[in-house]
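Read the structure below first, then the notes.
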Protein chains: 2
Amino acid sequence: MKPKHFQVTSACTAVNHILARVGDKWTVLVINYLGNGSMRFNELRRTINGISQKMLTSTLRGLERDGFVTRTVYPTIPPRVDYALTDLGRELLVPVRGLADFAIQNEQRIANARARFDNATGVADIAASFAEAAE
Amino acid sequence: MKPKHFQVTSACTAVNHILARVGDKWTVLVINYLGNGSMRFNELRRTINGISQKMLTSTLRGLERDGFVTRTVYPTIPPRVDYALTDLGRELLVPVRGLADFAIQNEQRIANARARFDNATGVADIAASFAEAAE
DNA sequence: CTGTATCCAGCCTGATACTG
DNA sequence: CAGTATCAGGCTGGATACAG
């Protein structure tokens with residue numbers, strides 16, 4: 001579990017790109033909800049709660065561009081557009097959920113670490129008169 | 001392959017936070033290199049190639065705050081600071097590498113999808129905006 | 001309903017300069 | 001060596017208005 005780091009070549013670009021995509025504010029939520037089946041635009045909009053039209057549109061565009069979701073337009077009136085995960089999208093769901101599981105399982109440890117850190121740093125002046133050594 | 005989406009509660013916050021941390025420009029690189037053993041500040045700086053002092057500092061601070069890395073100062077002259085992964089940090093490495101593997105393995109599929117998409121949409125528009133931006 | 005077009009505030013990032 | 005401070009540019013994300 002030690003010798004090789006990743007190749008610092010095109011692999012890095014690929015990894016970086018995925019990370020950037022997955023790390024943006026809404027992508028994972030969209031992928032996740034779409035994981036339960038196809039959805040219409042406004043359906044997603046309502047479900048995700050808090051996302052703006054613009055962000056939903058651009059998130060979906062990006063996902064579509066990279067081949068993670070499909071966009072199906074029904075030329076009815078009013079128009080109807082369905083979004084669904086591709087196979088690639090469903091595959092992406094796996095490692096993403098791995099990360100999500102990690103986040104959920106370690107939520108407390110991270111919160112603790114953060115509290116400890118914040119406590120140890122800036123508050124030093126105020127907390128000076130109290131024993132902070134615990135731990 | 002469909003059962004539950006994640007709870008839309010604090011779990012979302014936790015997931016979002018990890019994703020944001022992992023999705024930023026440098027975190028994963030730092031975590032990854034540190035996965036091979038502890039490193040000094042400038043050692044990381046040289047290795048990561050392209051990162052600015054400021055970004056390395058703030059990335060490390062964030063990682064330290066969340067309990068993913070430790071920071072050890074040796075009060076020598078000149079000063080020496082070692083950074084190393086904590087257990088939590090090493091655990092994070094696992095799902096992150098899962099995502100990285102996905103990225104590497106599907107690099108081509110994504111590139112293809114993107115080419116297809118760009119081709120099918122407005123290449124003219126894109127070309128136009130390039131012409132504009134070019135000067 | 002499903003988008004596109006604008007405008008704008010805020011954050012992220014990098015370059016540069018300075019400190020202990 | 002290992003940072004901190006400051007400043008400017010770009011990009012992100014949100015609100016709003018308009019269109020097919």
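Chain naming here is simple, since letters A, B, ... match the order of the sequence lines and numbering starts at 1 in each.
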Side-chain N,O (A:Tyr83) to OP1/OP2 (C:dC1) below 4.0 Å: no
Can you measure B:Ile48 atom CD1 to C:dG14 atom C1' for me and round it to whole angstrom units? 15 Å
So what does A:Arg45 touch, heavy atoms closer than 4.0 Å: a base, only the sugar-phosphate, or nothing? nothing
Decide yes or no for B:Phe102 and A:Val94: does some side-chain heavy atom of the first lie under 4.5 Å from some side-chain heavy atom of the second? no
CG of B:Asp82 versus P of D:dA2: gap in Å, rounded? 8 Å
Summarise protein proximity over nucleotides 15-20 of chain D in one line of letters, 5' to 3': B for base, S for sugar-phosphate only, - for none, counting protein heavy atoms closer than 4.0 Å. B-B--B
What integer distance in Å separates B:Arg61:CZ from C:dC12:C1'? 18 Å
For B:Met39 and D:dC1, give me the distance from atom CE to atom P, rounded to whole Å. 15 Å
Listed nucleotide nearest any side-chain atom of A:Thr57, set D:dG13, C:dT4, D:dA2: C:dT4
Atom CD1 of A:Ile77 and atom C1' of C:dC1: how far apart are they, to the nearest Å? 11 Å
When rounded to whole Å, the CG to P distance for the pair B:Leu60 and D:dT4 reads 11 Å
Any residue meeting side-chain contact (heavy atoms from CB on, under 4.5 Å) with A:Arg45, in chain and number order, not counting sequence neighbours: A:Phe41, A:Asn42, A:Gln53, A:Leu56
Please identify each residue that fulfils side chain to side chain donor-acceptor pair (under 3.5 Å) with A:Asn106, with sequence neighbours left out. A:Arg109
With sequence neighbours excluded, tell me which residues meet side chain to side chain donor-acceptor pair (under 3.5 Å) with A:Thr86. none
Is there any side-chain hydrogen bond (donor to acceptor under 3.5 Å, both in side chains) pair reaching into residues 57-72 of chain B, and which pairs are they, with sequence neighbours excluded? A:Arg114-B:Asp66, A:Asp118-B:Arg65, B:His17-B:Asp66, B:Arg21-B:Asp66, B:Arg71-B:Tyr83
Can you check the A:Arg21 CZ to D:dG13 P distance for me, whole Å? 11 Å
B:Ile51 atom CD1 is separated from D:dG3 atom P, nearest whole Å, by 13 Å
Any idea which of D:dC1, C:dG14, C:dT2 is nearest the B:Lys25 side chain? C:dG14
Students often get this wrong, so: under 4.0 angstrom with heavy atoms, is B:Tyr74 touching a base, only sugar-phosphate, or nothing? nothing
Less than 4.5 Å apart, any side-chain heavy atom of A:Leu60 and any of A:Leu44? yes
Listed by chain and number, what are the side chain to side chain donor-acceptor pair (under 3.5 Å) partners of B:Asn16, not counting sequence neighbours? none
B:Arg80 vs D:dA2: side-chain N/O to OP1/OP2 distance below 4.0 Å: no
